[in-house]
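Okay, so here's the structure we're looking at.
Here is how names work: the chains are called A, B, and so on, in the same order as the sequence lines, proteins then strands, and each is numbered from 1. These numbers come from a predicted model, not from an experiment.
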2 protein chains.
Amino acid sequence: MDERARHLLKSLIEQHIAKGVPVGSRQLVRDAGLNISPATVRNVMADLEDEGYLISPHTSAGRIPTHVGYRFFVDALLRVVPLSAESHRLLVHRIGFRAPDTEQVLHAATGILSELTRMAGFVRVPRRATRILRHVDFIALHEREVLAIFVTDKGDVENRLIRTEHPFGAAELAQAANFFNATYGGRPLQDVIHNLQRDLQQSRHEMDRILRSAMALGMEMLEEDQQRMLIEGEFQWLDMPELAGSERLRELLAAVRQKRDLVHLLDESMRGSEVRLFIGEESGYAPLSDCSVVSAPYSVDGEVVGVLGVIGPMRMPYQQIIPLVDGTAQLLGRALSQS
Amino acid sequence: MDERARHLLKSLIEQHIAKGVPVGSRQLVRDAGLNISPATVRNVMADLEDEGYLISPHTSAGRIPTHVGYRFFVDALLRVVPLSAESHRLLVHRIGFRAPDTEQVLHAATGILSELTRMAGFVRVPRRATRILRHVDFIALHEREVLAIFVTDKGDVENRLIRTEHPFGAAELAQAANFFNATYGGRPLQDVIHNLQRDLQQSRHEMDRILRSAMALGMEMLEEDQQRMLIEGEFQWLDMPELAGSERLRELLAAVRQKRDLVHLLDESMRGSEVRLFIGEESGYAPLSDCSVVSAPYSVDGEVVGVLGVIGPMRMPYQQIIPLVDGTAQLLGRALSQS
DNA sequence: ACTGGCACTCATGATGGTTGAGTGCCAAGG
DNA sequence: CCTTGGCACTCAACCATCATGAGTGCCAGT
């Protein structure tokens, strides 16, 4: 593909992103500022269509980019602009400092993402496997119900009701908690789980039952957040013509509620450390075949623990969205690292 | 209004709810099973329109009920059918037993409400003012950050990060927690707040700082859930023709996200103990002027603590929806009362 | 290699007629 | 006085037709 073709492709995609309608040769030649005739442009466009970058919705409309076209655009043609001062100020204001509660920070990040990009924003909740276990408490709630509370070094609190086979007294539970804190406190949760499994096989003393339950709880804790993600601003999709056909929209909403496959997709994008794009069919996930996902992993204390981003139609202003997602990821990571 | 007019009104509204289109004299006379002519029916309908029960969308369409018409319908004409065995079974299955986590039960209730009614479902989180304080824990997280954890008798756990002016040692915090538990444990949260306020004014000993913080935390705890409500299934509104005009829908979604006025409306409906309907403009809340809200308060241990219900277009099958909302409220109350 | 010309396509929007369900009103009949 | 049939009128919805205009592919000439 020669320089002129690249320029035309870039111009076409930019114009389509801006206007949302198919772009024809006349429009394009005017916008691109080249001194050639529409007929020439048509030839070039025909070539680009053959190579899979463009497609015509019908014979006599202009052309729109395919997912291949968008991919080439973002990889080779797009020059990302730095985050505007205004946006950066807003981001900092909303998530720049540590809120008292992790959940609140995540919420704020999801919300601001959605507002600034005018797409649906999502945040995968941070993995807790590497968090340090700070404190454990067992509280007898009723006859055979024990409330277990875990606290991590970042102040995240997780609790679970455990039904036990036999009643536990307050003293027993206090003893168990003391033992638990002394033995496993100050270690990363993943180590705690691992050690618990090992220890439980070896010793079988009085505390076994409650410890076993606690282990199950710990497991759940680590497993549960595999599924969790926040998503907000789906309503932004309402006035996007390419998704408006309520058939498509319903499907998308259902898929997003389902979350499972989505989470799988995102986990994959946590491997890198950069902004990542899934354009159209690239996600390999049918309900998203008309959509793009822009995601960026975020890190706490230098370790990637989650991923956030936006979901919208393929036609999105990547130029602004990429730095926004990137910036949000960085600020969220920083906010969660504080304290 | 004579018997025949009532019968016709009932028939018309039922038909309109079923079909969604304006009902004309011919249709109506066929459906109502009366042995009178369409012309007669037209006269009756004209009267009903004069009295404000009906309205014509345009000259040559049939008639549809106004909010006044619906109100008369539900108050005087509707005979509520008992919950179907099938629905009841489903409800019990989803929220009939206590899940380990209050949040999960609330979620389940919101979800099943939305599914069964095919409207958006909401649940106002239970007031905790009357819950018994079971346990308090203060954990030093960092230099001047204390994590405070409250546990109520139902196993609800609330935590808040408190930034203190001066550092606290672990021993100090343990002492404070012991004192706190001994003094205020076993009392309803509202009493705790009250007593804290009183006690803080009287005594000004060493613990003042942490107790003052604890008091602030307690306040927050009780105030925060004034705003909280879960809402789910807004997407059901997508294929309701009367809301489809994306203008209206946007407005509604925005209003529902905002929640504030909605919560105010619902708090009012917590006073009674019965199912309550706000039809159209009755809510006095502009974005809901085309919608109805069906709500029912739910009780824990015999005391009303929250309210749940559905939001949808005025045209909803009240006959089925009212018992569904009612039944959900009862089961949710029961589920939260257990344990 | 580029360009102008040409025939062709097709979504869009305007026009207009038809249909059908529905209305209000009136005069006649029980 | 209520009810009814009749009648003229209204209006959304549907359909077909047509013009418009933006756009295309192809070809022959520079």
Whole-Å gap separating [atom2] ([N]) and [atom1] ([X]):
| X | N | atom1 | atom2 | answer |
| --- | --- | --- | --- | --- |
| B:Arg26 | C:dT23 | CZ | C1' | 13 Å |
| B:Leu28 | C:dG22 | CG | P | 10 Å |
| B:Glu3 | D:dC2 | CD | P | 17 Å |
| B:Asp50 | C:dT23 | CG | C1' | 14 Å |
| A:Gln15 | D:dG23 | CD | C1' | 14 Å |
| A:Glu49 | D:dG25 | CD | P | 7 Å |
| A:Leu48 | D:dT24 | CG | C1' | 15 Å |
| B:Ile55 | C:dT23 | CD1 | P | 14 Å |

Does OP1 or OP2 of C:dA21 have a side-chain N or O of B:Ser25 closer than 4.0 Å?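 No, no such contact exists.
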Under 4.0 Å between a side-chain N/O of A:Arg63 and OP1 or OP2 of D:dG25, yes or no? yes
Can [X] and [Y] be counted as an ion pair, charged N to O under 4.0 angstrom?
| X | Y | result |
| --- | --- | --- |
| B:Glu14 | B:Lys19 | no |
| A:Asp75 | A:Arg71 | yes |
| A:Glu242 | A:Arg248 | no |

For DNA chain D, what residues of residues 36-47 of chain A have any heavy atom nearer than 4.0 Å?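 Contacts with DNA chain D under 4.0 Å: A:Arg42, A:Met45.
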Does any donor-acceptor pair link the side chain of A:Ser60 with the base of C:dT9 at a separation under 3.5 Å? yes
Under 3.5 Å, is there a donor-acceptor pair between the A:Ser25 and A:Arg42 side chains?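 Side chains of A:Ser25 and A:Arg42: pair found under 3.5 Å.
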Heavy atoms from C-beta onward define the side chain here; which of C:dT23, C:dG22, C:dC10 lies closest to that of A:Thr59? C:dC10
With the side chain of B:Gln27 defined as its heavy atoms from C-beta on, choose the nearest nucleotide among C:dG22, D:dG25, D:dA12. C:dG22
Would B:Asn35 and B:Val29 count as a side chain to side chain contact (heavy atoms under 4.5 Å, CB included) here? Give the steps. CA-CA 8 Å; B:Asn35 212 7; B:Val29 79; over 6 Å; no
Qualifying residue for side chain to side chain contact (heavy atoms under 4.5 Å, CB included) with A:Met45, from A:Leu8, A:Thr40, A:Leu28: A:Leu28
For A:Val81 and A:Pro323, which heavy atoms make the closest approach, and how far apart are they? O-CG, 3.3 Å
